[in-house]
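Quick notes on the structure that follows.
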2 protein chains.
Amino acid sequence: MRRAIEYKKKARVLLIDDNYEHLTGIKEIISMEGEFDVVGTSTSANVGISLAKKTRPDIILMDINMPEKDGLQAIQEIESLNLGTRIICLSGYDDADLIFRAMKLGAKGYVLKTMASGQLIYAIEEVASGKIYLPPALCSRFIEYFQTSFKEESASSSDEENLLSYLTQREEEVLDLLTQGITYKGVASKLFISETTVKTHVNNIFQKLQVNDRTQAVLYAINNGFTNKKKALMSKI
Amino acid sequence: MRRAIEYKKKARVLLIDDNYEHLTGIKEIISMEGEFDVVGTSTSANVGISLAKKTRPDIILMDINMPEKDGLQAIQEIESLNLGTRIICLSGYDDADLIFRAMKLGAKGYVLKTMASGQLIYAIEEVASGKIYLPPALCSRFIEYFQTSFKEESASSSDEENLLSYLTQREEEVLDLLTQGITYKGVASKLFISETTVKTHVNNIFQKLQVNDRTQAVLYAINNGFTNKKKALMSKI
DNA sequence: TTATTTATAGACCAAAAGGTCTATAAGTGG
DNA sequence: CCACTTATAGACCTTTTGGTCTATAAATAA
């Protein structure tokens, strides 16, 4: 588990925690372990971000419960800088929502402050070596949260009373063109039919979808899983 | 169906694996452990699903690399039945995409076939007790996949050349109402301004977003992160 | 102060959208 | 064969949209 190879580069670590006691405590723990190099400490998120830009550390240990600026925001800012820095969250809470948001923003680890110091060291080692570290209990929380989010979403978008299923193929083709913001004239020429026919189809679509105009039809289509890039990304089976 | 008259209820397990050798092997491992009750086995996904309906097991161990019917589909079907059964995937591959899709469909665990039998027992125990079990290495894979999916999505939707940022507050309010499929008249009465004013705003919006009509404006708004339920769900910071 | 932006609004007009009714040809299922 | 659905399309009409031009008051920036 622990690498004893001395010639290996020490991982450069930056600490950000508004609680000074805690900050120095962690610094000591990490420094004692000869493996890491603490290149900076900060009790403020903003100063921490500046330090990150200057020192470009390998790892940031970031407290995410800070007043002034939210730790999550700090993660977002640092991630958007693309410094190649890997962020580990330090938190007092194992709240699923917090964990989810932190990981979504690109955190590479999440450890609780109540954790034994040996585990913290292990987490840093893991993350420094390119892995992601989430303690099993938190991983479980994270995935539960992830699953319920998706269950809600698919439930709301299926509802099994999807009016889109009543459309004929031709109507679907027309709707598809409508969702691209094309006029009747345009649809007519694309489908090689007359403008009147398009209007007839559109009227039928409106009735089937129970809407009054194209904007509402397009909205219904998008919200109910009618070909949509974003959905495809996250929902391939 | 025999009832085990024991102090602690044994977890009832159903096994689905198209490889018969493997199936019997697992059955033996599980049965030896006095803790579980194998209530059925199947080498076919479809039969397995029927068995699940009949026996309503606590746990299903499901091979997800089966010919005939995909294990993922089977998971989806069983989950949609809401039997209260918790599914653990058995797979020969630690492919991130597979893991992600399985968990997204509601699997409660994912273990590799190469795993030591003791670990399999542990996984079943964990899942049976209501937790989610993903071995650390797979959890890491899962989260990496999750993060890259979201990075792509936010990258494509920000691009930092977001025309929406040029809109004034008032124009945003108007656009917001447009994205609900409301007419000029409706917008006017909601904002307590004249219809003409609405039209002026809308024209400005079109120019700023470089579109020609409301449908295209609405599409632009949705595809570029303008208040949208689905996004909100998955992207609160 | 002057220029610019923002929100407001009127007038006029053309194009597009939407509603309703009718009608025909092809295909499907009893 | 008859009823039904689907795709096609014309006629007529109203409402909504969108385009352009002008204009005023308030706030803001140069």
Side-chain angles (χ1 to χ4, degrees), chain A residues 159-228, chain B residues 158 160-228:
Chain A
D159 220 353
E160 225 38 88
E161 202 33 80
N162 196 324
L163 301 177
L164 287 170
S165 62
Y166 297 137
L167 299 183
T168 68
Q169 262 187 316
R170 199 54 160 172
E171 285 161 358
E172 280 182 7
E173 292 177 61
V174 173
L175 180 55
D176 181 45
L177 295 173
L178 285 194
T179 61
Q180 291 168 45
I182 301 177
T183 68
Y184 287 156
K185 211 167 284 185
V187 174
S189 79
K190 290 215 176 216
L191 298 183
F192 304 108
I193 54 181
S194 88
E195 210 179 321
T196 324
T197 307
V198 175
K199 285 169 65 175
T200 309
H201 285 313
V202 171
N203 263 297
N204 292 332
I205 291 171
F206 288 171
Q207 279 179 27
K208 288 184 181 178
L209 301 188
Q210 296 167 19
V211 299
N212 310 305
D213 55 58
R214 60 200 295 128
T215 307
Q216 288 174 5
V218 168
L219 289 172
Y220 186 93
I222 291 177
N223 288 327
N224 290 275
F226 197 78
T227 43
N228 165 295
Chain B
S158 71
E160 226 36 90
E161 202 32 79
N162 195 324
L163 301 176
L164 287 170
S165 63
Y166 297 137
L167 298 184
T168 69
Q169 262 186 317
R170 200 55 161 171
E171 285 162 356
E172 281 182 5
E173 293 178 62
V174 173
L175 179 55
D176 181 44
L177 294 172
L178 285 194
T179 61
Q180 291 168 46
I182 301 178
T183 68
Y184 288 158
K185 211 168 283 185
V187 175
S189 78
K190 289 215 177 218
L191 297 182
F192 304 108
I193 55 181
S194 88
E195 209 179 320
T196 323
T197 307
V198 175
K199 285 171 64 177
T200 309
H201 286 312
V202 170
N203 263 297
N204 292 332
I205 292 171
F206 288 170
Q207 281 179 25
K208 290 185 179 177
L209 301 188
Q210 295 167 18
V211 298
N212 311 305
D213 56 57
R214 61 202 292 127
T215 307
Q216 288 174 6
V218 167
L219 289 172
Y220 186 93
I222 290 177
N223 288 327
N224 290 273
F226 195 79
T227 42
N228 164 296

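Note that the coordinates shown come from a computational prediction; the quantities given were computed from them, not determined experimentally. Per chain, numbering begins at 1; letters A, B, ... match sequence-line order.
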For nucleotides 13-29 of chain D, just jot down a letter per nucleotide in 5' to 3' order: B, S or -, based on protein non-hydrogen atoms under 4.0 Å. ---SSBBB---------

Table of protein N/O atoms under 3.5 Å from nucleotides 25-30 of chain C N/O atoms:
none

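- Taking five base pairs at each end of the helix from C/dT1-D/dA30 to C/dG30-D/dC1, the local helix axes there meet at an angle of 50°, rounded to 10°.
- Side chains of A/I193 and A/H201 form a contact here, defined as non-hydrogen atoms less than 4.5 Å apart.
- The OG1 atom of B/T168 sits 8.0 Å away from the CG atom of B/N204 when rounded to the nearest 0.5 Å.
- Shown here are the salt bridge (charged side-chain N to carboxylate O under 4.0 Å, His left out) partners of B/K208, two or more places apart in sequence or in another chain: B/E171.
- Applying the side chain to side chain contact (heavy atoms under 4.5 Å, CB included) test to B/E172 and every residue at least two apart in sequence or in another chain returns B/L167, B/F226.
- Here the straight-line distance linking atom CG of A/L178 with atom CG of B/L219 works out to 10.0 Å at 0.5 Å rounding.
- A distance of 6.5 Å separates CG of B/L164 from CG of B/L175, quoted to the nearest 0.5 Å.
- Proximity of B/R214 to B/Y184: side-chain heavy atoms (C-beta onward) are separated by under 4.5 Å at one or more points.
- Here the P atom of nucleotide C/dA16 and the CD atom of B/Q216 are 13 Å apart, to the nearest Å.
- At least one side-chain heavy atom of B/L177 sits less than 4.5 Å from a side-chain heavy atom of B/L191.
- Taking atom NE2 of residue A/H201 and atom P of nucleotide C/dG19, one finds them 16 Å apart after rounding to whole Å.
- Looking at residues two or more places apart in sequence or on another chain, you find a salt bridge (charged side-chain N to carboxylate O under 4.0 Å, His left out) between A/E173 and A/R170.
- As a whole-Å value, the separation of B/L191 CG from C/dT6 C1' is 15 Å.
- Put simply, CG on B/N204 is 9 Å from C1' on C/dT6, counting in whole angstrom units.
- In this entry the distance linking CG of A/L177 with C1' of C/dA17 reads 16 Å, nearest Å.
- Using a 4.0 Å heavy-atom criterion, one finds that A/T197 contacts the bases of the nucleic acid, with or without backbone contacts as well.
- Of the listed nucleotides (C/dG10, D/dA9, D/dT6), D/dT6 has the atom at the smallest distance from the side chain of A/T168.
- Between the CD1 atom in B/I205 and the NZ atom in B/K199 there is a gap of 14.0 Å [rounded to 0.5 Å].
- One distance of note links OG1 of A/T179 with CD of B/Q216; it measures 11.5 Å at 0.5 Å rounding.
- Contact between the side-chain N/O atoms of B/T196 and the OP1/OP2 oxygens of C/dA9 is not found at any separation under 4.0 Å.
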